[in-house]
There are 2 protein chains.
Amino acid sequence: MQHSASITYSISELAQEFDITARALRFYEDKGLLTPSRQGQTRVFSATDRARLRLILRGKRVGFSLDEIREMIDLESMNSGNSGNSGNSGSPLAYQLSLKRFQTRIEALRQQREDIDDAIAELETGCAWMETRIADLEPSEELKSRARAFEALARARL
Amino acid sequence: MQHSASITYSISELAQEFDITARALRFYEDKGLLTPSRQGQTRVFSATDRARLRLILRGKRVGFSLDEIREMIDLESMNSGNSGNSGNSGSPLAYQLSLKRFQTRIEALRQQREDIDDAIAELETGCAWMETRIADLEPSEELKSRARAFEALARARL
DNA sequence: ATTTTCCTTGACGTTAACGTCAACGTCATA
DNA sequence: TATGACGTTGACGTTAACGTCAAGGAAAAT
């Protein structure tokens, strides 16, 4: 159904685009976060692999561990996956387990949002204070440029 | 100026309150994040130590490393510190360095906020999906409670 | 007096998430 | 043909942030 000429990426292409190393990509594959196809021995990443990588990196930025990210990805792929059974556990107990974990993580994320707002506020007051310190202690850029202009003039007079 | 009977905390009190281990507190001291006073050999934590610990844990939750947190704390203490000089570097170059770092961190935090919102959204759809799965696969709680009621009735008949 | 309980300082172990290096294949190009 | 550029798989190294003993001091309860 999919015409054969889809966009693909080499490992270093993806690495460069997302500013990570090839080692990291191989590591994510080892951990089951990515499953690129092979052409011979060489990895070939598809557009969906790329999208998944996006998810991974976003997950990392918000503090998820790779194991947690894998769990999320697994459920995502089951979600949008085929309608039938694909050999997974599928037990409602497992769902309830994951559900609990997800819900607590959502709570943690809300808390984290507040913490981030607080941290931003603190860092901003810190920045403001440092700016006043710099302005107090340092001969201002204006003075410096005047000094340079004066030097130039003096050299010209010689 | 401070009346001598201030509130103090033992290491395990603080550990219990913030749900961390005493080892972590000692570790933070080793790293220069906390500087509790001593009574003999035993650590005695003040209210300001407690507040600082709050800052540390909040910093950790938003993804700061302990080194970064120490940098922030150092500047905070210089900020609200004494008016004179306290043997610190105080060079404007150092300030500009830290200022840059703080500003980039603020940018990262804003990005992080967006990422968190996205992650919350995704996790919520994940939860919703799992809830439908559970509802589909599991005999509902309503059925369960009806079964319990029936059992109770049956026992009463005996 | 002795047993708990809480504290201390080392010192080594652990986990996550890669970094780094070695040794090797393979293709395009000079 | 040989010389890079890019890819592969191990295997070991590294850093952060503690965990986990071991060995012992001091105070409080039995």
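What you see is a predicted model; the values in this text were computed from it and never measured. A note on names: the letters A, B, ... follow the listed sequences, proteins ahead of strands, and every chain is numbered from 1.
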Residue list, side chain to side chain contact (heavy atoms under 4.5 Å, CB included) with [X], at least two apart or on another chain:
X	answer
A/Arg54	A/Phe18, A/Arg50
B/Thr132	B/Trp129
B/Ser65	B/Asp67, B/Glu68

Check your understanding: Just wondering, are more than 12 heavy atoms of other shown residues or ligands nearer than 6.0 Å to CD in B/Glu17?
Key -> yes
Tell me the interatomic distance from [X], atom [atom1], to [N], atom [atom2], rounded to whole angstroms.
X	N	atom1	atom2	answer
A/Tyr28	C/dG19	OH	C1'	13 Å
A/Gln16	D/dA5	CD	P	15 Å
A/Gln39	C/dC27	CD	C1'	12 Å
B/Leu25	C/dT8	CG	P	10 Å
B/Ile20	D/dA17	CD1	C1'	12 Å
B/Leu34	D/dA17	CG	C1'	14 Å
A/Phe27	D/dG10	CZ	C1'	15 Å
B/Asp30	D/dC18	CG	P	12 Å

Point to revise | Connected via hydrophobic side-chain network under 4.5 Å: A/Leu14 and A/Ile7 | key: yes
Practice item. Show your working on side-chain contact (heavy atoms from CB on, under 4.5 Å) between A/Glu122 and B/Leu55 and close with a plain yes or no. Key: CA-CA 10 Å; A/Glu122 282 196 42; B/Leu55 269 180; 3.1 Å; yes
Taking only residues two or more places apart in sequence or in another chain, which ones pass side-chain hydrogen bond (donor to acceptor under 3.5 Å, both in side chains) with [X]?
X	result
B/Arg70	none
B/Glu13	none
B/Asp117	A/Arg113
B/Glu114	none

What does the list of N/O pairs under 3.5 Å between the protein and nucleotides 11-15 of chain D look like, with a distance for each?
none

Practice item. Output yes when at least one side-chain N/O atom of A/Thr21 is less than 4.0 Å from OP1 or OP2 of C/dG19, else no. Key: yes
Identify each atom pair where a protein N or O and an N or O of nucleotides 27-29 of chain D are less than 3.5 Å apart, giving names and distance.
none

Contacts under 3.5 Å, N or O only, protein and nucleotides 4-7 of chain C:
from	atom 1	to	atom 2	distance (Å)
C/dC7	OP1	B/Ser10	OG	3.0
C/dC7	OP1	B/Ser12	OG	2.8
C/dC7	OP2	B/Ser12	OG	2.8

Point to revise | Under the salt bridge (Lys or Arg N to Asp or Glu O under 4.0 Å) test, residues paired with A/Arg61 that sit two or more places apart | key: B/Asp115
Review point. After noting the C-alpha distance and the side-chain angles of A/Ser98 and A/Glu71, does the key distance pass the side-chain hydrogen bond (donor to acceptor under 3.5 Å, both in side chains) rule?
Key: CA-CA 8 Å; A/Ser98 292; A/Glu71 187 187 3; 3.1 Å; yes
**Study point:** Contact list for DNA chain C against residues 55-67 of chain A - heavy-atom distance below 4.0 Å
**Key:** A/Lys60, A/Ser65, A/Leu66
Check your understanding: Thinking salt bridges, do B/Glu29 and B/Arg38 make one under a 4.0 Å N-O criterion?
Key -> yes
